[in-house]
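Read the numbers this way: they start at 1 and go in the same order the structure lists the ligands and their atoms.
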Amino acid sequence: MAVHSLRKRLLVGNWKMHGSLQGNAQLLAELKQGAGSALACDLVVCAPYVYLSQLASCLKGSAIAIGAQDVSAHAQGAYTGEVSASMLADIQCAWVIVGHSERRQYHAESNQLVAAKLRQALDAGLKPILCVGETQQEHEAGVTHSVIIEQLRCVLDWPLSDLQKICVAYEPVWAIGTGLSATPDQAQEVHALIRAQWPDSIAHTLHILYGGSVKPDNAADLFAMPDIDGALVGGASLHAHDFLHIAAA
Ligand code: PEP
């Protein structure tokens, strides 16, 4: 049996800054109905903070887990506008995206800040999805591997018990929201590189998601690669039909 098949696939939707109470209710009802038919992958929906309680109540009793798109680097205190990891855990939010390229790009999140957020998430018992990926400029300059290794470096010396709880998402920035997905071979090469950075004893358990313009028509080819364990999906996660099609792939 291939090692790949031992890792259950994971599909995570990132709604970004989209949604409304009414629209979400409809989307969640469709997802809940579709996910009822025993999909062979775990499903997570990451919504804006203000809608997480709505997700918790609409998805109650379903197999779909709830995630946030960011978390504070602090445990509590005078940090106006921030949301702590323990608050997320308090409202049944199980997952959190950390270091998404849009946070790195528009909010100047450094690798150190991302590591501090990851620490908070782990301490509160959340499952963090650490996003890494190179920009278009870095891709063209041929420095993708060194960029990814640098983005992973601040966590690589953490205890195995922490690393075991982290999921990594490879999201080439040039592929996010552009319709330009990495080819399965391009993605596989970077996924294999990421797995090779993880301690040998737990590398085979690491879930590595691909993100960047995943759609129903390219998902199956990406998921056929040995080190691609699922996807982090932006645009297509806003349409139940597309998200469920990707899940079926
Ligand atoms: C994302 O938001 O993480 C993402 C991959 O977006 P999209 O699927 O729209 O490219």
Side-chain angles (χ1 to χ4, degrees), residues 9-19 23-24 27 31 41-49 51-52 55 64-71 93 95-107 109 111 114 117-118 121 126-139 144 147-148 151-152 166-184 186-188 190-191 194 207-223 225 227-249:
R9 303 302 175 85
L10 174 63
L11 186 64
V12 181
N14 173 17
W15 287 2
K16 310 195 190 203
M17 200 173 71
H18 293 287
N24 300 346
L27 174 53
L31 287 179
C41 67
D42 288 325
L43 291 183
V44 181
V45 174
C46 297
Y49 290 136
Y51 295 131
L52 292 176
L55 266 70
I64 307 172
I66 298 162
Q69 301 171 8
D70 186 27
V71 66
C93 175
W95 292 81
V96 62
I97 297 172
V98 178
H100 191 281
S101 65
E102 287 153 13
R103 301 288 320 167
R104 293 178 189 262
Q105 191 179 349
Y106 306 133
H107 301 272
E109 292 198 3
N111 291 332
V114 171
K117 292 182 170 200
L118 207 53
L126 300 177
K127 294 183 226 176
I129 300 166
L130 168 60
C131 297
V132 296
E134 81 285 7
T135 62
Q136 169 94 44
Q137 210 182 6
E138 290 162 342
H139 178 64
T144 297
V147 168
I148 302 295
Q151 288 173 332
L152 292 173
I166 296 174
C167 168
V168 175
Y170 169 54
E171 299 206 301
V173 180
W174 49 271
I176 298 180
T178 59
L180 286 176
S181 174
T183 65
Q186 278 174 325
Q188 166 58 28
V190 180
H191 281 229
I194 292 169
H207 276 81
I208 310 174
L209 310 180
Y210 169 76
S213 298
V214 176
K215 307 274 181 250
D217 60 1
N218 62 12
D221 288 344
L222 287 160
F223 297 163
M225 304 313 282
D227 287 296
I228 299 184
D229 304 312
L232 178 52
V233 180
S237 72
L238 296 169
H239 308 281
H241 177 265
D242 287 353
F243 194 58
L244 291 168
H245 251 78
I246 295 171

key: Between Gln188 and Asp227: side-chain donor-acceptor atoms closer than 3.5 Å   =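 Checked: Gln188/Asp227 side chains pair up, N/O donor to acceptor below 3.5 Å.
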ask   = In terms of heavy-atom contacts, does NE2 of His245 have more than 12 from other residues, nucleotides or ligands at under 6.0 Å?
value =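 Not more than 12 within 6.0 Å, no.
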Listed pairs under 3.5 Å, donor-acceptor, residues 208-216 side chains, sequence neighbours left out:
from   : atom 1 : to     : atom 2 : distance (Å)
Tyr210 : OH     : Ser181 : OG     : 3.3
Tyr210 : OH     : Ala182 : N      : 2.9
Tyr210 : OH     : Gly212 : O      : 3.0
Ser213 : OG     : Ala175 : O      : 2.7
Ser213 : OG     : Gly179 : N      : 2.7

ask   = Does Glu134 reach the main-chain N or O of Ile148 with its side chain, forming a donor-acceptor pair under 3.5 Å?
value =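 The answer is no, because no donor-acceptor pair under 3.5 Å joins these two groups.
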request  = Look at the side chain of Arg103 and the backbone N and O of Ile97, then say whether any donor-acceptor pair between them is shorter than 3.5 Å.
outcome  =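 Answer holds: no.
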Distances for all N or O pairs of ligand 1 and the protein under 3.5 Å?
from     : atom 1 : to     : atom 2 : distance (Å)
ligand 1 : 2 (O)  : Asn14  : ND2    : 3.1
ligand 1 : 2 (O)  : Lys16  : NZ     : 2.8
ligand 1 : 2 (O)  : His100 : NE2    : 3.2
ligand 1 : 3 (O)  : His100 : NE2    : 2.8
ligand 1 : 3 (O)  : Glu171 : OE1    : 3.1
ligand 1 : 3 (O)  : Glu171 : OE2    : 2.7
ligand 1 : 6 (O)  : Lys16  : NZ     : 3.4
ligand 1 : 6 (O)  : Gly234 : N      : 3.4
ligand 1 : 8 (O)  : Gly234 : N      : 2.8
ligand 1 : 9 (O)  : Gly235 : N      : 2.8
ligand 1 : 10 (O) : Gly177 : N      : 2.6
ligand 1 : 10 (O) : Ser213 : N      : 2.8

request  = Give the minimum heavy-atom separation between Phe243 and Leu31, together with the two atoms involved.
outcome  =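 In this case the closest contact between Phe243 and Leu31 is CD2-CD2, 3.7 Å.
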